[in-house]
Asks: 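Have a look at this one before I ask anything.
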There are 2 protein chains.
Amino acid sequence: MIGYKANDRKGLVNMENRKEQIVNIAIDFIEKYGFDSFSYKDLSEAVGITKATLHHHFPKKEDLGLAVCEKLKVKAKVVKSKIDKLDTAQEKIKYIFDNLLNCAKTGDICPISSLQAEYNVIPDSMKEMVADLSEREIDYLSEILEEGLGEGIFEFKGNPKSMALMILTSYKGAIQYSRAMDDNTMSTVVEQIYNQIMK
Amino acid sequence: MIGYKANDRKGLVNMENRKEQIVNIAIDFIEKYGFDSFSYKDLSEAVGITKATLHHHFPKKEDLGLAVCEKLKVKAKVVKSKIDKLDTAQEKIKYIFDNLLNCAKTGDICPISSLQAEYNVIPDSMKEMVADLSEREIDYLSEILEEGLGEGIFEFKGNPKSMALMILTSYKGAIQYSRAMDDNTMSTVVEQIYNQIMK
DNA sequence: GTCTATACAAAGATAGAC
DNA sequence: GTCTATCTTTGTATAGAC
């Protein structure tokens with residue numbers, strides 16, 4: 001049983017519609033507790049509607065899970081398009097790292113990491129989407145690293161794909177570690193990663 | 001609901017006693033599904049006893065969880081004492097990395113990572129132990145890195161503690177990623193980490 | 001779209017017999 | 001130490017009214 005009210009959530013100023021609101025709060029729950037560890041009862045209380053109404057919008061929890069994955073995909077695209085507008089790999093990587101550190105402030109873990117951790121207990125339909133999301137993250141970071149090598153601002157051992165993989169796994173792992181460790185764990189790791197790639 | 005039989009488990013040749021057997025299979029479940037996602041029913045079927053008997057040994061699931069953490073602590077000490085017997089940091093790091101790659105073959109995630117991911121839903125008593133286990137891992141790897149710097153076989157940017165943090169977070173994150181990605185994800189990351197520290 | 005009421009299965013836990 | 005039986009609470013889900 002989890003206590004959590006809709007009003008706790010920041011950034012829900014422009015409440016689009018109920019379905020979106022439900023998905024957003026579900027993502028919060030996944031980041032905090034994991035997909036398997038929150039119930040429709042928890043969610044209904046957080047949204048401020050009944051369980052029955054939740055089931056009206058998302059008949060099965062799997063339906064909700066899929067909507068969450070779709071939303072994560074959209075969110076990733078939004079971030080990507082913002083970064084694409086930046087001119088240099090230098091600016092791009094700065095944007096990404098600032099963003100990473102910012103995400104970690106809440107003590108919540110990345111929703112994709114959370115779903116990876118529960119990979120063996122989520123429905124197959126969700127597994128596919130989690131796999132897709134995971135792959136896209138790596139590929140995109142890899143591109144930026146390659147760009148930065150071309151610009152001559154990065155320098156590191158190994159190829160961009162391997163480095164992208166190491167960076168993301170480290171970052172995601174760090175968020176989890178920092179839950180059980182002191183607050184500066186995240187910044188230490190992000191700085192250390194930064195050290196590894198900068199000329 | 002999870003289907004899993006006791007005989008599936010390798011390495012349970014010397015079944016010490018029932019309590020130990022239960023804890024061992026519980027660790028398997030945590031690695032595969034997470035603490036919250038397996039039930040006493042699942043566990044009882046895997047062990048081959050009834051739920052009531054499980055409750056006899058571990059009245060509450062929290063009791064079982066604590067026993068699991070204790071066991072993980074013992075296991076960590078056993079590995080540590082093996083590594084301590086090795087002469088050089090070179091041998092030690094090789095042992096660790098071989099071990100890391102080996103662990104990852106099963107597709108199960110590190111039990112500590114699993115418990116970190118569920119940090120907000122496990123009992124407080126378990127949180128303390130998970131925090132302790134997390135810290136010890138980092139400190140120990142940090143010592144070895146420092147030793148290797150002294151021997152002149154390692155070379156990297158940043159201090160040993162930061163590097164230890166980056167390595168472990170990356171490794172743990174990689175195990176989770178590799179669930180959703182192809183099989184060579186793990187070896188790519190481990191090799192990349194290795195590249196970062198070797199002279 | 002939202003509610004009340006209800007069904008049904010699963011999960012955690014206990015009592016008491018052997 | 002193990003069992004059967006039972007209890008309670010929770011989780012998922014549906015039916016039907018407004």
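Throughout, protein chains are lettered first and strands after them, A, B, ... in sequence-line order, and every chain is numbered starting at 1. All figures in this text were calculated on a predicted structure; none of them were measured in a lab.
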Asks: Would A:Lys60 and A:Asp63 pass as an ion pair if we require N to O under 4.0 Å?
Replies: no
Asks: Identify the residue among A:Ile167, A:Leu141, A:Leu86 that makes a side-chain contact (heavy atoms from CB on, under 4.5 Å) with A:Ile93.
Replies: A:Leu141
Asks: Only one of B:Glu147, B:Glu143, B:Glu146 forms a salt bridge (Lys or Arg N to Asp or Glu O under 4.0 Å) with B:Lys92, so which one is it?
Replies: B:Glu147
Asks: Just one of A:Phe156, A:Tyr171, A:Phe97 clears the ring pair (Phe, Tyr, Trp, His ring centres under 6.0 Å) bar with A:Tyr194, so which one?
Replies: A:Phe97
Asks: If you count every heavy atom of other residues, nucleotides or ligands that lies below 6.0 Å from B:Lys82 atom NZ, does the total exceed 12?
Replies: no
Asks: Could you give the start and end, 5' to 3', of the contact zone on DNA chain C for chain B, using atoms under 4.0 Å from its heavy atoms?
Replies: C:dA11 to C:dA15
Asks: Quick one: which protein N/O atoms are closer than 3.5 Å to N/O atoms of nucleotides 10-14 of chain D? Pair and distance per line, please.
Replies:
residue: D:dG11; atom: OP2; partner: A:Ser39; partner atom: OG; Å: 3.4
residue: D:dT12; atom: OP1; partner: A:Lys61; partner atom: NZ; Å: 3.1
residue: D:dT12; atom: OP2; partner: A:Tyr40; partner atom: N; Å: 3.1
residue: D:dT12; atom: O4; partner: A:Lys51; partner atom: NZ; Å: 2.9
residue: D:dA13; atom: OP2; partner: A:Lys61; partner atom: N; Å: 3.0
residue: D:dA13; atom: N7; partner: A:His55; partner atom: NE2; Å: 3.1
residue: D:dT14; atom: OP1; partner: A:Lys60; partner atom: NZ; Å: 3.4

Asks: Which label fits A:Phe38 and A:Phe35: parallel for a plane angle under 30°, tilted from 30 to 60°, or perpendicular past 60°?
Replies: perpendicular
Asks: Considering only NZ, NE, NH1 and NH2 on the basic side and carboxylate oxygens on the acidic side, decide whether B:Lys80 and B:Asp84 come within less than 4.0 Å.
Replies: yes
